[in-house]
K.L.:
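Would you mind keeping the following structure in view while I ask a few things?
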Amino acid sequence: MKKSIEISPNIEALFGTRDENLHVLEDGLNINIDLRSDSIEVEGTPRDVARAEQVFTDYDQLQRGGHTFNNGDLNSMLRVLVADPKATLRGLVEAGRQRSFGRRTVQPKSINQRRYLDAIESHDMVFGIGPAGTGKTYLAVAMAISALLSKRVNRIILARPAVEAGERLGFLPGTLQEKIDPYLRPLYDALYDMLDPEKVDRYLEKSVIEIAPIAFMRGRTLNDSFVILDEAQNTTSEQMKMFVTRLGFNSKAVITGDITQIDLPNSKRSGLLEAIDVLKNVQGLAFSYFDEGDVVRHHLVQRIIRAYDERKARVAEEQMELLDPKAANGNGSASNVREPAE
């Protein structure tokens, strides 16, 4: 099926640098887009062509309504849209308007990020698990700020294991707060990125926002709060159980971590790994998983993560061959001959 769509000045801005947004639509919707002097010709199945036409219609109407797309948000929304058959450009924009993130406009940049935000909205406890750079902590802080500014909670509590799960801080110079702050810096950075510095300082001074090591959570019941535990892979089993049982009335908790970067001593098991196993069937909480495709840092980071994952798989395969060469060869006989790597 072919469909011709008239080009208007509003629609033309959708194309992106070197037509990159059109390429996202072509690859994601399995369509071909030909640019003519005064129109766009879209070819594909009727369903895919109709979705592309809806994108152009939504974009034109949003532009006419005064909406502006900034900082690559449009490209990110198109990537989410093509990954989710139920998503529309208008729906993604309106969902973003419903969330007030202070001075920032925060849009999910992948389908997993969108599911993560939806899970946080609809569940009282969410685990965000995946590699660095996938937005786990940043988006959690954004949702906490949204809840605070809309008065759905009265305070935000951000916690992290300091250094290691044992929190051995005594050798560091300075006061206790000066010892702790370097390990909590990523949380401060996210806050200052979304709110005016004066407002952050005022919230911190009045304990509307509290940033502290996880050990400071012991014995507390957290009501009317949005609580985030970052770097949860470095909690012990006892610390994780303590944290997830702090949740009080009208509160939300988000636990984020990267299970490939556990810094605990070998004798201890990560509280995050245990929680994934123990809590997987508990109703009322959700698990959101990210991979290298969700990384929103420099494009090299995606390739670096993939390289580490591939090496981990090779090491596991080599270990299996050492333990059981017959099973590794799959033919019932041991052999030292390996196929060349691709």
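In what follows, every heavy atom counts, from backbone to side chain, and hydrogens, waters and symmetry copies are set aside. For clarity, every value in this text was computed on a predicted model and none was experimentally measured.
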K.L.:
Kindly determine whether I259 and Y289 satisfy side chain to side chain contact (heavy atoms under 4.5 Å, CB included), including the steps that lead there.
P.N.:
CA-CA 11 Å; I259 57 176; Y289 292 90; 6.0 Å; no
K.L.:
Determine whether a donor-acceptor pair (N or O, by modelled atom type, separation under 3.5 Å) exists between the side chain of E26 and the backbone of I33.
P.N.:
yes
K.L.:
Hey, could you give me the CD/CD1 distance between E231 and I214, rounded to the nearest 0.5 Å?
P.N.:
12.0 Å
K.L.:
Without hydrogens or angle criteria, can the side chains of Q61 and Q63 be said to hold a donor-acceptor pair below 3.5 Å?
P.N.:
no
K.L.:
Hey, could you give me the OH/CG distance between Y203 and L195, rounded to the nearest 0.5 Å?
P.N.:
6.5 Å
K.L.:
Taking R160's backbone N and O only, do any of them form a donor-acceptor pair with D230's side chain (distance below 3.5 Å, no angle check)?
P.N.:
no
K.L.:
Please check this pair: side chain of K252 against backbone of H123, looking for a donor-acceptor N/O pair closer than 3.5 Å.
P.N.:
yes
K.L.:
Dump the intermediate steps for side chain to side chain contact (heavy atoms under 4.5 Å, CB included) on I40 and L35, then the final yes or no.
P.N.:
CA-CA 5 Å; I40 307 168; L35 296 178; 4.1 Å; yes
K.L.:
Roughly how far apart are E238 CD and R218 CZ, rounded to 0.5 Å?
P.N.:
8.5 Å
K.L.:
With a sphere of 6.0 Å drawn around CZ of R47, does it hold more than 12 non-hydrogen atoms of other residues, nucleotides or ligands?
P.N.:
no
K.L.:
Regarding R90 and T88, do their side chains bring together a donor and an acceptor under 3.5 Å, going by distance alone?
P.N.:
no
K.L.:
Could you check whether D48 and N30, counting side-chain N and O atoms only, form a donor-acceptor pair closer than 3.5 Å?
P.N.:
no
K.L.:
Mind checking the CZ-CG spacing from R79 to N21? Nearest 0.5 Å is all I need.
P.N.:
8.5 Å
K.L.:
Measuring from N112:CG to L117:CG, what's the distance to the nearest 0.5 Å?
P.N.:
11.0 Å
K.L.:
Hey, what's the ring geometry for F127 with F287, parallel, tilted or perpendicular (30° and 60° as the breaks)?
P.N.:
parallel
K.L.:
Nearest 0.5 Å please: distance from the CG atom of L222 over to the CG atom of N250.
P.N.:
12.5 Å
K.L.:
Where the side chain of S225 meets the backbone of N223, is there a donor-acceptor pair that is under 3.5 Å apart?
P.N.:
yes
K.L.:
Check whether any side-chain N or O of Q233 sits under 3.5 Å from a backbone N or O of D258 as a donor-acceptor pair, and report yes or no.
P.N.:
yes
K.L.:
When you measure from the side chain of S251 to the backbone of L247, do you find a donor-acceptor pair of N or O atoms at a distance under 3.5 Å?
P.N.:
no
K.L.:
side-chain contact (heavy atoms from CB on, under 4.5 Å) with L158: which of V254, L191, L229, V227?
P.N.:
L191
K.L.:
What verdict does the side chain to side chain contact (heavy atoms under 4.5 Å, CB included) test give for Y308 and T260, after you've listed the backbone C-alpha separation in whole Å, the side-chain angles of each residue and the deciding distance to 0.1 Å?
P.N.:
CA-CA 10 Å; Y308 273 102; T260 68; over 6 Å; no
K.L.:
When M77 is tested against each of L92, V55, V24 for side-chain contact (heavy atoms from CB on, under 4.5 Å), which residue passes?
P.N.:
L92
K.L.:
Let me see the working for D193 and Y138 under side chain to side chain contact (heavy atoms under 4.5 Å, CB included), right down to the final yes or no.
P.N.:
CA-CA 10 Å; D193 193 42; Y138 190 87; 2.5 Å; yes
K.L.:
Distance-only, no hydrogens or angles: does the D34 side chain make a donor-acceptor pair with backbone N or O of E41 under 3.5 Å?
P.N.:
no
